[in-house]
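All residue numbers in this chain count up from 1 along the given sequence. Ligands are counted one by one from 1 in listed order, and the atoms in each one are counted from 1 as well. FYI, side chains are in, hydrogens and waters are out, and symmetry mates aren't considered; it's all heavy atoms of this structure.
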Amino acid sequence: MSDLLVSADNISGIKNDLFLQALKGNKVERPPVWMMRQAGRYLPEYMVLKRKYDFFTRVQTPELVCEITLQPVDIIGVDAAILFSDILVIPQAMGLEVQMNEGQGPLLPDPIKTPEDLQRIVVPDVAERLHYVMDAITLTKKTLNNKIPLIGFAGAPFTILCYIVEGKGSKTFDKAKAFCYQHPIAARQLLQMITDTTILYLKAQRTAGADVLQVFDSWSGLLSPADFESWAQPYLLQIQQALQPFCPVILYPKGSWYAMKDLADNGTMAMGVDWCIKPQFARELVGPHVTLQGNLDPAKLLQTTAEIRTDVHNMINAFGAQRYIANLGHGMTPNIPVDHARAFVDAVKEWRG
Ligand code: 1CP
């Protein structure tokens, strides 16, 4: 590891703190890099564990979480680790059954369909219901031995509502949106319960050792700008305001480029962006003080490694190397060759301004 990566005001004690410095807006020699869904099905080492243990055994066993979290650190050489877990541990902790069926994705067999159904869920004691996550963070931090920072995460309230009401993945989440529009009082009650749970959960992750927290609003882009303002933004901002005093928070409202200015004006310090927005326009929207993260289309990792390298260098040049974290615009897909993931990371490391 180059000594240059340790900047003068390294107060975190983390050896490669590029990611933390970029979040703070301090000058870096190159942007840090990690990839959404970097721990997962494109890695043969992950598939070995997937064949042996079912999904929730992997998620609930700290030793397995630690091993899976560190796989891309060792194999791909990213500048930040993200805890292996899932956003759906929150509906589970709130009292709903969540199944993860091979090839079908998540299934909640008994979703929230009516306002009366809210009586079936609670704001849980997260220390008790989700202790395995905090145990996994403690073990992972210890094993990382301050090599790079660890990212904790949760789903944003609107995205969690999507699964709680729809009961499964969807391209449109029309049932979930209809619940908001037909039962606005109950929907707000549900969003507030998810928000309260998420704040407790992320505070516990921070206390256990997470260095940075990311909030995934994977489905917020299904909302119109006015509906984002009504159904997503207030809850995202509550989480941001509760956590940002304690550590950097990255909001990732996928597809909601129209909300970026408003989020920045409301104090969001870091935002993830997908590939549907030009880097220069994203920067114009948020101004000079927000750290941007993104935004290569993961499908572009199926190109040749030479093409990936060119795309990565163009991406960095377009965003600028400061207040910027190189990443994909959404998660890695299982069909991406490991060498191509490594080419993405290496291209960032090779970039020279
Ligand atoms: O057995 C398996 O390998 C199943 C695949 C899988 C994996 C690897 C699922 C099921 N979850 C995960 C891990 C995961 N999920 C991580 C940690 C890994 C990493 O990032 O390196 C994270 C951050 C998530 C977050 C997550 N889960 C999101 C938000 C991010 C995003 O991609 O938008 C969402 C929407 C989910 C739900 C979910 N969990 C799993 C699947 C297949 C899905 C998506 C289902 C759908 O399309 O609705």
Check your understanding: With sequence neighbours excluded, what pairs up with Thr138 under the side-chain contact (heavy atoms from CB on, under 4.5 Å) test?
Key ->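 Thr138 satisfies side-chain contact (heavy atoms from CB on, under 4.5 Å) with Ala208 once adjacent residues are dropped.
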Point to revise | Qualifying residues under side-chain contact (heavy atoms from CB on, under 4.5 Å), relative to Asp262, sequence neighbours excluded | key: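 Asp262 satisfies side-chain contact (heavy atoms from CB on, under 4.5 Å) with Glu229, Gln233 only.
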Study note, to complete from the structure: Output for ligand 1, non-hydrogen cut-off under 4.0 Å, lists Arg37, Gln38, Ala39, Arg41, Tyr46, Lys50, Phe55, Arg58, Ile82, Leu83, Phe84, Ser85, Asp86, Ile87, Met100, Pro106, Phe153, Tyr163, Gly169, Phe216, Ser218, Trp219, His330
Review point. Looking at residues at least two apart in the chain, or sitting in another chain, which of them share a side chain to side chain donor-acceptor pair (under 3.5 Å) with Gln182?
Key: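 Side chain to side chain donor-acceptor pair (under 3.5 Å) check on Gln182 returns nothing, list empty.
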Practice item. State whether Arg120 and Asp117 are salt-bridged, where the test is any N-O pair (Lys NZ or Arg NE/NH1/NH2 against Asp/Glu carboxylate O) under 4.0 Å. Key: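 Counted as a salt bridge, because a side-chain N and a carboxylate O are separated by less than 4.0 Å.
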**Study point:** Phe158 ring center within less than 6.0 Å of Tyr235 ring center
**Key:** no
Check your understanding: Can you check side-chain contact (heavy atoms from CB on, under 4.5 Å) on Asp79 and Arg30, steps first, answer last?
Key -> CA-CA 11 Å; Asp79 294 312; Arg30 65 155 173 93; 2.8 Å; yes
